[in-house]
Amino acid sequence: MDLCIIGSGYVGLVSGACFAEVGHHVICVDNDQRKVDMLQRGEIPIYEPGLEELVHKNVAAKRLRFTNSIEDGVDHSQIIFIAVPTPPQTDGSVDLTFIERVAREISGVLKPGQYRVVVDKSTVPVKTGEKVEATIKRYNKDAEFDVVSNPEFLREGCAVPDLMNPDRVVIGSASQKATDLMKRVYEPFQAPILVTDVNSAELIKHAANSFLSLKISYINAVSAICEASGADVEMVADGIGTDKRIGRNFLNAGLGYGGSCFPKDVKAFIAISRQLGTPFTLLEEVERINATMLTRFIDKVRSALWVLKDKKIAVWGMTFKPDTDDVRNSVAIELINQLVAEGAHVTAYDPKGAEKAVEWGLVDPTKVKLAKTPIEAVADAEALLLATEWKEFANVDFAAVKAKMHTPLVFDGRNLFDPQTMADLGFTYHAVGRPGPKAGA
Ligand code: NAD
């Protein structure tokens, strides 16, 4: 099938590459000329495992191309996916100006007799589909189209496998013709397809991300009780997570959730519920618990070092999760900036995210030293803080780390290391919600 994707970011580019991989012809559109130029030169603007190979292979096979022209995309494709940003506004509600603009741009290039399915893949508040439809009609009375909601559930860091093998595909549609076309798009993926009305599909996405955030805050609240009582949150998470009704995923205590989706989607769902007159106050508590995790963590560091000013602190991890270069709304970046604000001398290392953190102005390179290796980061450090659980950190030579550090003090914000092993290596080790070594032994 001929598909167009407007917005070639984490969702649009990976979706485009995966649609092409299963045999569709895909045009990825972006209005960021720099991004389009890079993609046309064969350079991939984001890091996502497996993406580069997939893009090169499908460009070579002439199933994937890039343009800055919406008209080009809409002209040559029966199905138009929208994958542009839906950032939060200061009151937490969603800024829909990107979506509205794309709706107008599509309406401007739709030709009479040219039936198109306009698919919203961006995460949007319930009832956005109705507004997209009304907008296209308002600017183009002759347009023949249907609007479908097809929320995306990929996780950055494993976006390619997530898109190739989705747990389910949600198609929110009021038109049989559009539903049939959408089913053909997804047929090669052999995934369960759930067809709903447009409003339900939109709501599924916010409800799903809010529920996952709630699971994280739940285990984080339990971790505080573990710390106060001497229990081990990892054992508790295993104990409750093996219950099939609960599941172990997303029961990882730590610094809390961050990234470009969970914080904004929880905020959006709170705002939507208020606008609809049914405030979802449970989610306000989810946010509150999440915010306390970083504060509790920094308090622990402060209680060990007393004063942070002029202390040399190494931070491992800058991205919001491993296997991505995405540093948007990363708790690790917040941690670094809070330490810097207290006068600490921070040296940070991240396998993929450091460059973007500087490029996007999220850390000040005159105030934060960026190391090229994890070992370089810990040179002379009085404490090592682990903020993102990259696998690379689990495999570091800790004897070399200890030899380089000023003081062998480790704060593990993601419970990546084993307390007993760290103690045996001679580190004073602090995790989240876990007692010191030997507990439970
Ligand atoms: P992104 O910022 O990585 O990409 C968006 C792209 O859209 C950018 O390249 C931007 O230049 C482009 N764009 C903006 N306006 C445009 C226009 N008028 N015409 C053409 N291109 C335009 O964003 P993302 O992370 O891919 O997220 C996109 C949407 O998908 C958001 O609603 C997000 O909530 C949702 N989502 C994201 C993820 C994720 O893990 N990143 C997962 C599921 C859903």
Side-chain angles (χ1 to χ4, degrees), residues 4-18 27-39 44-49 51 66-74 80-89 93-109 118-125 128-129 132 135 149-163 166-167 169-170 201-202 204-206 208-210 212-213 257-269 319-330 356 359-360:
C4 157
I5 303 185
I6 301 173
S8 306
Y10 285 89
V11 168
L13 182 59
V14 186
S15 303
C18 291
I27 303 173
C28 282
V29 181
D30 208 286
N31 66 354
D32 179 343
Q33 189 58 48
R34 205 180 64 110
K35 207 173 246 188
V36 175
D37 290 343
M38 281 180 82
L39 287 163
I44 312 299
I46 55 169
Y47 172 72
E48 194 56 50
L51 179 62
F66 306 98
T67 175
N68 62 3
S69 160
I70 284 196
E71 184 163 16
D72 180 10
V74 172
I80 323 292
F81 289 87
I82 304 175
V84 295
T86 47
Q89 309 193 91
S93 64
V94 182
D95 175 358
L96 289 165
T97 52
F98 293 86
I99 300 278
E100 194 265 353
R101 182 174 161 191
V102 169
R104 274 189 287 125
E105 287 176 346
I106 292 173
S107 73
V109 295
V118 177
V119 186
D120 187 10
K121 215 174 215 333
S122 295
T123 302
V124 293
T128 298
V132 168
T135 303
S149 166
N150 172 221
E152 182 48 61
F153 300 98
L154 67 80
R155 295 163 298 169
E156 286 179 27
C158 41
V160 172
D162 279 356
L163 266 155
D167 287 347
V169 171
V170 174
E202 291 169 339
I204 285 169
K205 177 64 191 179
H206 273 127
N209 272 5
S210 296
L212 293 171
S213 307
Y257 61 80
S260 70
C261 290
F262 284 4
K264 94 170 161 64
D265 291 349
V266 172
K267 273 198 191 329
F269 209 26
T319 51
F320 85 97
K321 63 180 288 194
D323 296 320
T324 178
D325 60 351
D326 197 349
V327 283
R328 291 177 288 181
N329 249 310
S330 167
K356 282 228 161 103
E359 187 188 322
W360 294 350

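Whatever order the structure lists them in is the order used to number ligands and atoms, beginning at 1.
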Is there a polar contact between ligand 1 and V102, counting only N or O atoms under 3.5 Å apart?
no
Measure the shortest side-chain to side-chain distance between F153 and V170 over non-hydrogen atoms and say whether it is less than 4.5 angstrom.
yes
Provide, to 0.1 Å, the distance between atom 27 (O) of ligand 1 and the closest protein heavy atom, together with that atom's residue and name.
V11 CG2, 4.1 Å
Mind telling me whether F262 and Y257 have parallel, tilted or perpendicular rings, with 30° and 60° as the class edges?
perpendicular
In the protein, what heavy atom is nearest to atom 12 (C) of ligand 1, and what distance, to one decimal place, separates them?
D30 OD2, 3.3 Å
Quick one: nearest non-hydrogen protein atom to atom 4 (O) of ligand 1, plus distance?
G9 CA, 3.2 Å
Give the residue and atom name of whichever protein heavy atom lies nearest to atom 39 (C) of ligand 1, and the separation in Å to one decimal.
E156 OE2, 3.3 Å
What is the nearest protein non-hydrogen atom to atom 7 (O) of ligand 1, stated with its residue, atom name and distance?
G7 CA, 3.3 Å
Answer side chain, backbone, both or neither: which part of R328 comes under 4.0 Å from ligand 1, heavy atoms only.
side chain
Within 4.0 Å of some non-hydrogen atom of K35, the atoms of ligand 1 are 8 (C), 9 (O)
Have a look at ligand 1 and work out which part of F98, if any, has a heavy atom under 4.0 Å from it: side chain, backbone, both or neither.
side chain
Of the protein's non-hydrogen atoms, which lies at the shortest distance from atom 29 (C) of ligand 1, and what is that distance?
V84 O, 3.4 Å
If you draw a 6.0 Å radius around NZ in K267, do more than 12 non-hydrogen atoms from other residues or ligands fall strictly inside?
no
Qualifying residue for side-chain contact (heavy atoms from CB on, under 4.5 Å) with R328, from C261, S260, P263
S260
